[in-house]
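Both ligands and their constituent atoms are indexed starting at 1 by order of listing. Small disclaimer: the values here were computed from a predicted structure and weren't measured.
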Amino acid sequence: MEKTWRWFGKNDKITLGMLRQIGVEGIVTALHAVPNGEIWTVEAIDDLKQYIEAHGLRWSVVESLPVSEAIKYGGADRDRLIENYKVSLANLGKCGVRTVCYNFMPVIDWIRTDLQHPWADGTSSLYFDRIRFAYFDLKILQRVGAEADYSSEELAKVAELDTRITEAEKDELVDAIIVKTQGFVNGNIKESDKNPVALFRNLLALYDGIDREALRANMSYFLAAIMPVCDEYGINMCVHPDDPPFQVLGLPRIVTDEADIAWFLHAVDNPHNGLTFCAGSLSAGEHNNTVSLAREFASRTHFVHLRSTEAMPGGNFIESSHLGGRGHLIELIRIFERERPDLPMRVDHGRMMLGDEDKGYNAGYSFHGRMFALAQVEGMMAVVQNEIENEK
Ligand code: DNO
């Protein structure tokens, strides 16, 4: 697979020169300055593409071309927004950037409750604590009807947490769940927003009455509308699985498991309608077996995210070593190196280590931690490539 790296543009502290030195071949990026819903022009795409190529790299994948909320909830504005999306896709195609990752998660993209969960060795990684998440939902967001989504045991733990949680911890929770993990991925809430919780409540209200079926209908409407452009320009769309892959905050999530993936691939049965195989997101659901999912969906996978998680008691999960956990990356590499050796692959997230903490990197996107993970993944790839050679 092609070794790619998520890079956040010309202002990223991790420069393309640094990435060349560590063996990266392709870049995964976006026009982060263009507001969600607006057109990506040929000029802006080409400018970034030239910059990347001037450093001896290629722009392999767009992550993400964000899908506006109105497309997801089916608002009055959706056809205009889909038209803009099609123009952006056509412009990417004209510039030769042909793999586009997006997601169809309402309101909130990936979710973690702790961005610096310490390991005994002094490093830290991202963490999801179900009780703290429930605390956010019940006590901070105060979502109507939220109690019904938790067991009585969980509600008791939330009540106990309420007796000892500090104001600073509450702020950190809000920051982790709806601010720091969202803004940089072109999310709805930015670091500069004054009252993120109120903003978030308004966004949730947009989905009143939108259940899984309605969201599915809106996803297939969107996919059917954009496929002609994808056919014309050879663009591979690849939806990112929901992270974590289960229902949250009363919002429907529709890319969570084998049945969901099979559904959207069949709903619009076009090879350009494909999947981002994110081993980290999928492995965070105990119902998912990443190895069998990879076997089943390799042929419709257009992009691979290698990362692993460890499921913990009570619905918690932690981002584990890329060599361990439920992701089974070595097996996934065996499958993809055999069936789809040309796919772009990026190491997803990494620990914070060796001074990453002070650099202000986007949550999950450390330098040393990701470089370390890339070396591990490269090692696994080399072994698998050797296995394949020896079979010839
Ligand atoms: C988080 C990322 C996601 C992903 C989007 C794709 O680290 O994996 O934010 O980029 O969901 O649209």
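- A cation-pi geometry, defined here as NZ or CZ lying under 6.0 Å from the six-membered ring centre and within 45° of its normal, holds between K10 and Y51.
- Within the listing of ligand 1, atoms 4 (C), 8 (O), 10 (O) sit less than 4.0 angstrom from a heavy atom of E63.
- Among all non-hydrogen protein atoms, the one lying nearest atom 3 (C) of ligand 1 is D109 OD1, 3.4 Å.
- Here R80 does not pair with E83 in a salt bridge; the nearest charged N to carboxylate O distance is not below 4.0 Å.
- Once rounded to the nearest 0.5 Å, the distance linking CG of L173 with CG of L141 reads 11.0 Å.
- R253 forms no cation-pi arrangement with F246, by the criterion of a distance under 6.0 Å to the ring centre and an angle within 45° of the ring axis.
- Under the 4.0 Å criterion applied to side-chain N and carboxylate O atoms, R58 and E25 are not assigned as salt-bridge partners.
- Side-chain atoms of D242 and T256 include no donor-acceptor pair closer than 3.5 Å.
- Residue Y102 touches ligand 1 through its backbone alone, judged by heavy-atom distances below 4.0 Å.
- Close contacts between ligand 1 and M105 involve ligand atoms 11 (O) [criterion: under 4.0 Å to a heavy atom].
- Looking only at atom types and distance, the side chain of N84 has no donor-acceptor partner in the side chain of E38 under 3.5 Å away.
- Near S64, the atoms of ligand 1 lying under 4.0 angstrom from a non-hydrogen atom of the residue are 5 (C), 6 (C), 12 (O).
- When hydrogens are left out, the protein atom nearest atom 8 (O) of ligand 1 is H240 NE2, 3.2 Å; that is the closest non-hydrogen contact.
- With a 4.0 Å cut-off on non-hydrogen atoms, R6 touches ligand 1 through its side chain and not its backbone.
- For ligand 1, the atoms sitting less than 4.0 Å from at least one non-hydrogen atom of W110 are 1 (C), 7 (O), 9 (O), numbered in the order shown with element in parentheses.
- Residue N103 approaches ligand 1 through these ligand atoms, each under 4.0 Å from one of its heavy atoms: 5 (C), 6 (C), 11 (O), 12 (O).
- The only member of D129, D243, D175 that meets salt bridge (charged side-chain N to carboxylate O under 4.0 Å, His left out) when paired with R112 is D243.
- Here the heavy atom of the protein found nearest to atom 1 (C) of ligand 1 is Y365 OH, 3.4 Å.
- Listed by atom number, the atoms of ligand 1 under 4.0 Å from H349 heavy atoms are 1 (C), 7 (O).
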